[in-house]
Amino acid sequence: MTRRFDVLVIGGGNAALCAAISARRAGASVLVLEGAPRFYRGGNTRHTRNMRCAHDAATEILTGPYTEEEFWKDLLLVTGGQTDEELARFMIHESKDILNWIVEQGVRWQPSLGGTLSLGRTNSFFLGGGRAMLNALYRTAEELGVDILYDAEVIDLVIEHGMFLSAQLKQPVGGRTEVRASTLVAAAGGFEANIEWLKQYWGEAADNFLIRGTPYNRGAILKMLLAKGVQEIGDPTQCHAVAIDARAPKFDGGIITRHDSVVFGIVVNKHAERFYDEGEDIWPKRYAIWGRLVAAQPDQIAYIIFDSTVVTSFMPTLFPPIAGATIAELAGKLELDAAALEKTITDFNAAVQPGTFDHTILDDCATQGITPAKTHWARRIETPPYLAYPVRPGITFTYLGTRVNKQSRMLMKDGKPSANMFAAGEIMAGNVLGKGYAAGIGMTIGSVFGRVAGREAAKNARN
């Protein structure tokens with residue numbers, strides 16, 4: 001640690017590795033500090049499976065074009081306009097290049113998965129999933145000569161007048177040391193694993209949240225940066241949150257605990273009452289709203305109810321569905337009021353109108369005369385056994401973060417760009433995601449701004 005590096009990268013996921021590789025390819029000496037042990041390296045990237053990128057034509061793994069303008073409209077739709085348009089459009093434009101650049105770093109694609117994902121045209125899937133993608137990036141970084149330390153907890157950052165000077169590091173073996181570098185890239189994620197911090201904004205409800213990814217994303221680096229003059233962006237209550245199986249572990253359950261069955265049934269709360277339109281839009285544009293919806297329900301619990309006709313229509317999860325030969329029996333297993341659940345399903349079935357079911361489009365299968373309506377994919381629940389999944393809010397990452405410009409350079413509270421500090425990935429995702437989420441966009445943010453941050457950090461170090 002007596003050596004001075006050109007670029008210090010804090011974090012160990014997709015954004016951090018893209019930054020490290022980009023900086024190293026630009027000729028900089030690079031040190032990566034990953035706070036987790038080697039086995040758990042990579043933050044939330046370990047649990048991902050695809051990335052959303054703009055492209056002008058079909059490829060071997062994408063079924064058709066996905067233009068910059070269509071990507072922008074999709075982003076505008078899910079965020080409700082709460083996005084920095086200049087940065088978002090910049091990211092979308094740069095994403096076209098990422099499709100090939102990421103392959104040059106050793107990552108491989110596979111044909112898209114089917115079912116409710118409906119992503120064959122818009123999203124590229126990693127061969128072997130997020131862990132394989134991550135391993136490829138680490139292998140490339142190591143071959144290029146990037147230095148990597150694991151179990152490397154940063155306990156303080158020395159920053160003066162917007163300029164990074166050094167980091168204080170604590171390791172299980174070796175104790176405390178100082179790390180000096182000409183530039184800093186912060187890519188250490190959000191604070192979703194910090195339940196006490198979440199409770200500042202969500203109250204006691206946060207105790208019922210499950211954390212889909214790493215237990216190491218506690219927001220320590222973000223907190224230090226904001227305390228030392230970096231400008232914040234984003235609503236602290238906004239996050240990427242989906243409905244995941246209530247039987248999942250508190251941390252690190254990953255993608256296999258997520259449920260994609262909502263569009264094939266109904267969702268009820270602990271009072272056996274429906275509370276939102278299960279067929280509002282194509283699933284990849286709506287799956288990420290269900291975490292917040294469930295978080296707003298009593299005791300932060302809900303149940304996806306469907307029948308035996310749809311069990312092969314969506315991707316199975318780690319946990320099997322709970323089954324009942326009758327609605328009353330199912331209600332008993334879920335500890336719901338049987339009469340209330342029977343009434344909810346009877347009323348729903350009576351409201352279903354004739355139509356032609358097609359989950360790949362906004363079909364004409366809807367309800368009439370009940371609130372909330374189910375506007376697409378509404379079919380009667382009437383074929384036993386009746387099935388259910390209990391779900392809770394699964395938090396992926398938080399949107400409160402550091403403000404950046406198109407060079408991924410952090411902006412200070414006085415509005416001036418930092419002298420030598422950059423950010424990439426979830427720690428700055430709030431610039432693009434004011435609220436809402438579209439499948440694969442977290443990886444887009446990490447790859448695009450990681451690549452830019454590394455390149456700009458290397459340039460800054462040379463100067």
Is the shortest heavy-atom distance from the side chain of [X] to the side chain of [Y] under 4.5 Å?
| X | Y | answer |
| --- | --- | --- |
| Trp101 | Cys18 | yes |
| Trp283 | Asp260 | yes |
| Arg176 | Gln168 | no |
| Ile10 | Leu157 | yes |
| Val230 | Leu411 | no |
| Ile304 | Val391 | yes |
| Leu8 | Thr183 | no |
| His240 | Tyr399 | yes |

Quick one: [atom1] on [X] to [atom2] on [Y], what's the gap to the nearest 0.5 Å?
| X | Y | atom1 | atom2 | answer |
| --- | --- | --- | --- | --- |
| Leu198 | Thr398 | CG | OG1 | 7.0 Å |
| Thr237 | Gln200 | OG1 | CD | 13.0 Å |
| Arg218 | Ile211 | CZ | CD1 | 10.0 Å |
| Ile159 | Leu225 | CD1 | CG | 5.0 Å |
| Thr45 | Leu17 | OG1 | CG | 8.0 Å |
| Leu33 | Leu149 | CG | CG | 6.0 Å |

Just wondering, are more than 12 heavy atoms of other shown residues or ligands nearer than 6.0 Å to [atom1] in [X]?
| X | atom1 | result |
| --- | --- | --- |
| Glu60 | CD | no |
| Arg108 | CZ | no |
| His271 | NE2 | yes |
| Lys416 | NZ | no |

For this session: For the pair Ile445 and Met91, evaluate side chain to side chain contact (heavy atoms under 4.5 Å, CB included) and give the outcome as yes or no after the intermediate values.
Result: CA-CA 7 Å; Ile445 292 170; Met91 179 201 74; 3.5 Å; yes

Seminar exercise, completed: salt bridge (charged side-chain N to carboxylate O under 4.0 Å, His left out) pairs touching residues 30-47, sequence neighbours excluded, are Arg46-Asp252

Exercise. Which residue pairs satisfy the salt bridge (charged side-chain N to carboxylate O under 4.0 Å, His left out) criterion with at least one member in residues 221-231, sequence neighbours excluded?
Worked result: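 Counting only pairs at least two positions apart or across chains, the salt bridge (charged side-chain N to carboxylate O under 4.0 Å, His left out) contacts touching residues 221-231 are Asp156-Lys228.
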
Whether the side chain of [X] engages the backbone of [Y] through a donor-acceptor N/O pair (distance < 3.5 Å, no angle test) should be reported.
| X | Y | answer |
| --- | --- | --- |
| Thr375 | Gly279 | yes |
| Arg274 | Pro372 | yes |
| Asn460 | Asn420 | no |
| His55 | Glu68 | no |
| Asn431 | Val404 | yes |
| Thr140 | Leu137 | no |
| Arg52 | Ala439 | yes |
| Ser95 | Ala54 | yes |
| Arg392 | Ala302 | no |
| Asp147 | Leu31 | no |

Exercise. Would Glu232 and Arg403 satisfy salt bridge (Lys or Arg N to Asp or Glu O under 4.0 Å), going step by step from the backbone distance to the final call?
Worked result: CA-CA 5 Å; Glu232 70 176 53; Arg403 193 171 189 95; over 6 Å; no

For this session: Return the orientation label for the Phe397 and Tyr437 ring planes: parallel under 30°, perpendicular over 60°, tilted otherwise.
Result: perpendicular

Exercise. Relative to each other, are the rings of Tyr40 and Tyr216 parallel, tilted or perpendicular (30° and 60° limits)?
Worked result: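 Rings of Tyr40 and Tyr216: tilted, as their planes differ by 30° to 60°.
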
For the ring pair [X] and [Y], is the centre-to-centre distance below 6.0 Å?
| X | Y | result |
| --- | --- | --- |
| Phe449 | Phe422 | no |
| Trp109 | Phe126 | yes |
| Phe314 | Phe306 | yes |
| Phe71 | Tyr66 | yes |

Problem set entry | Stepwise salt bridge (Lys or Arg N to Asp or Glu O under 4.0 Å) check, Glu280 with Arg286 | CA-CA 8 Å; Glu280 186 177 41; Arg286 279 294 175 268; 2.7 Å; yes

Exercise. Salt bridge between Glu456 and Arg409, side-chain N to carboxylate O under 4.0 Å?
Worked result: no

Exercise. Is Lys435 salt-bridged to Asp235, going by a charged N under 4.0 Å from an acidic O?
Worked result: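 No, this pair does not count.
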
Exercise. Which pair of non-hydrogen atoms, one from Ile427 and one from Ala186, has the smallest distance, and what is that distance?
Worked result: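 Between these two residues, the closest heavy atoms are CG2-O, 3.4 Å.
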
For this session: Identify the heavy atoms of Tyr389 and Arg247 that sit nearest to each other, and give their distance.
Result: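 Scanning both residues, the minimum pair turns out to be CD2-NH2, 3.8 Å.
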
Considering only residues two or more places apart or on different chains, which pairs with a residue in [range] satisfy side chain to side chain donor-acceptor pair (under 3.5 Å)?
| range | value |
| --- | --- |
| residues 289-303 | Asn208-Gln300, Asn269-Gln297, Lys270-Asp299 |
| residues 77-87 | Glu85-Arg89 |
| residues 11-29 | Asp6-Ser29, Asn14-Ser447, Arg25-Gln105 |

For this session: Starting from the C-alpha separation in whole Å, work towards a yes-or-no answer on salt bridge (Lys or Arg N to Asp or Glu O under 4.0 Å) for Glu70 and Arg121.
Result: CA-CA 12 Å; Glu70 185 181 359; Arg121 185 174 61 83; 2.7 Å; yes

For this session: Step by step, work out the salt bridge (Lys or Arg N to Asp or Glu O under 4.0 Å) result for Asp74 and Lys285.
Result: CA-CA 8 Å; Asp74 284 343; Lys285 297 179 185 179; 3.3 Å; yes

Problem set entry | Thr396: side chain to side chain donor-acceptor pair (under 3.5 Å) partners, not counting sequence neighbours | Arg212

For this session: Report the C-alpha separation of Asn217 and Glu192 in whole Å, then their side-chain angles, then the decisive distance to 0.1 Å, and conclude whether the side-chain hydrogen bond (donor to acceptor under 3.5 Å, both in side chains) test is met.
Result: CA-CA 6 Å; Asn217 277 10; Glu192 64 277 359; 3.0 Å; yes

For this session: For side chain to side chain contact (heavy atoms under 4.5 Å, CB included), just list the numbers for Met412 and Gln231, CA-CA rounded to whole Å, side-chain angles, deciding distance to a tenth of an Å, and then say yes or no.
Result: CA-CA 5 Å; Met412 307 308 290; Gln231 188 180 151; 5.9 Å; no

Problem set entry | Trp197 and its ring pair (Phe, Tyr, Trp, His ring centres under 6.0 Å) partner, picked from Phe209, Phe191, Trp202 | Phe191

